2 protein chains.
Amino acid sequence: MSSSATNWPYSIGQVQDLLQAHDIQCTQQRLEIAMLLFRQPQHLSADDILMQVNQAGHVSKATVYNTLGLFARKGLVREVIIDPNRVFYDSNLDAHHHFYNVDTGTLTDIDAGALEITHLPELPDNTSMDGVDVIVRVRNSH
Amino acid sequence: MSSSATNWPYSIGQVQDLLQAHDIQCTQQRLEIAMLLFRQPQHLSADDILMQVNQAGHVSKATVYNTLGLFARKGLVREVIIDPNRVFYDSNLDAHHHFYNVDTGTLTDIDAGALEITHLPELPDNTSMDGVDVIVRVRNSH
DNA sequence: GTCAGTGCAAACCCTTTGCAGAAAG
DNA sequence: CTTTCTGCAAAGGGTTTGCACTGAC
């Protein structure tokens, strides 16, 4: 079930292969952004990435946003829309769900195998399944 | 389990009681917005509400946003964050989940009883459960 | 009369876009 | 050489804020 037989962090070669496998032309900037995301399974906002990638080299804001949009469209990363203020990009390719700490804005993974959904009703007419997201909202126990 | 033994749409009196029960001072504008939301179980964006409420009377944009934020904080409506472009406000007070049509941006309810989650792993340290959202993304079958 | 709510416009912030220059194949 | 990508700055769009006015109690 695991699509990624991975050892984090990914090596440069593995990231290059990953881009190619997802039909994404490999450029300097895309490689830098992907390397960052695939250092470990994590959830980063566009701004996180913009700042981190610019500690060493330089990638423009527009390129970061365009690249992340491209990665998401190509299925290389998953957009996580939970926080109204920003989109997170998730480098964990395996099926999983999320804890969302509403106090800190922190996302934590829930392995898909650790949770089971049953009795899902039939889909609306003329639609097909695209995915199921489960978000468990938690708050700090005061 | 149903917190609302309701007959939609809510009457003015019922909405006034609802506001009072949620510790919200009843004003003209808040009543208008609440009446609109509780005409039926539905998902409206701030802009939907702004436009609909201004077909008859007039409520300013700031008041609509402030009021919806207040309603959500007080637990009168539920914020649904699924679409990166706008927040939906859900007047369905019963436990339920959502289908989200990624092509049309449409939300549809899934009765909570129609779906079961088991084997939820234990929460992160020092946190308490705030709620579970299940989002089933669907797309139009081409 | 006092405190909370409202309206307007401007400010904010994340994200997208237009276009000229640079890079990839 | 042609096509695609990148960078900059400006525009876009939903949401928030500052402040004076109005309304609720």
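Note that this is a predicted model, so its numbers are computed, not measured. First the proteins, then the strands, lettered A, B, ... as listed; each starts at 1.
Every pair passing salt bridge (Lys or Arg N to Asp or Glu O under 4.0 Å) that includes a residue from residues 117-135 of chain B is listed here, sequence neighbours excluded: A:Arg137-B:Asp133, A:Arg139-B:Asp130, B:Arg78-B:Asp133. Residue pairs that meet the salt bridge (Lys or Arg N to Asp or Glu O under 4.0 Å) test with at least one member in residues 43-63 of chain B, sequence neighbours left out, do not exist here. The stretch residues 14-33 of chain B participates, sequence neighbours left out, in no ring pair (Phe, Tyr, Trp, His ring centres under 6.0 Å) pair at all. Counting only residues at least two apart or on different chains, the salt bridge (Lys or Arg N to Asp or Glu O under 4.0 Å) pairs with a member in residues 79-88 of chain B are B:Asp83-B:Arg86.
Between the side chain of A:Asp109 and the main chain of A:Asp111, no donor-acceptor pair closer than 3.5 Å is present. In terms of modelled atom types and a separation under 3.5 Å, the side chain of A:Ser91 and the main chain of A:Gln40 share a donor-acceptor contact.
Other residues sharing a hydrophobic cluster with B:Met129 under the 4.5 Å side-chain heavy-atom criterion for ILVMFWY residues are A:Phe99, A:Ile110, A:Leu115, A:Ile117, A:Leu120, A:Leu123, A:Met129, A:Val132, A:Val134, A:Val136, A:Val138, B:Phe99, B:Ile110, B:Leu115, B:Ile117, B:Leu120, B:Leu123, B:Val132, B:Val134, B:Val136, B:Val138. Hydrophobic clustering, defined by side-chain heavy atoms of Ile, Leu, Val, Met, Phe, Trp and Tyr closer than 4.5 Å, leaves A:Met51 isolated from every other such residue.
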Protein-to-nucleotide contact annotation, 5' to 3' order, nucleotides 7-18 of chain C [B base; S sugar-phosphate only; - none; under 4.0 Å, heavy atom]: BB-----SBBB-

Base versus backbone protein contacts along nucleotides 20-25 of chain D [heavy-atom cut-off under 4.0 Å; B, S, -]: ------

Could you give the side-chain donor-acceptor pairs of residues 29-39 of chain A under 3.5 Å, partners two or more places apart or in another chain?
| unit_1 | atom_1 | unit_2 | atom_2 | d |
| --- | --- | --- | --- | --- |
| A:Arg30 | NH1 | A:Gln25 | O | 3.1 |
| A:Glu32 | OE2 | A:Gln28 | NE2 | 3.1 |

For a quick test of your reading: what N or O donor-acceptor pairs under 3.5 Å do the side chains of residues 66-73 of chain B make, sequence neighbours left out?
| unit_1 | atom_1 | unit_2 | atom_2 | d |
| --- | --- | --- | --- | --- |
| B:Asn66 | ND2 | B:Ala62 | O | 3.2 |
| B:Thr67 | OG1 | B:Thr63 | O | 2.6 |

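The CG-P distance, from A:Leu19 to C:dG25, rounds to 12 Å in whole Å. Rounded to whole Å, atom P of D:dC5 lies 7 Å from atom CG of A:Leu70. B:Leu31 places its CG atom 14 Å from the C1' atom of C:dG5, with the value rounded to the nearest Å. One atom, CG of A:Leu68, and another, C1' of D:dT6, lie 14 Å apart when rounded to the nearest Å. Atom CD of B:Glu32 is separated from atom P of C:dG5 by 17 Å (rounded to the nearest Å). In this structure, the CZ atom of B:Phe71 is 17 Å from the C1' atom of D:dT15, given to the nearest Å. Protein atom CD1 of A:Ile24 is 16 Å distant from nucleotide atom P of D:dT4, rounded to whole Å. Separating the NZ atom of B:Lys74 from the P atom of C:dA4 is a distance of 12 Å, rounded to the nearest angstrom.
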Watson-Crick and G-U pairing of DNA chain C written in dot-bracket, each distance under 3.5 angstrom, with | for inter-strand partners: |||||||||||||||||||||||||

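Residues passing the side chain to side chain contact (heavy atoms under 4.5 Å, CB included) test with A:Asn140 are A:Asn101, A:Asp103, A:Thr104, B:Thr127, sequence neighbours excluded.
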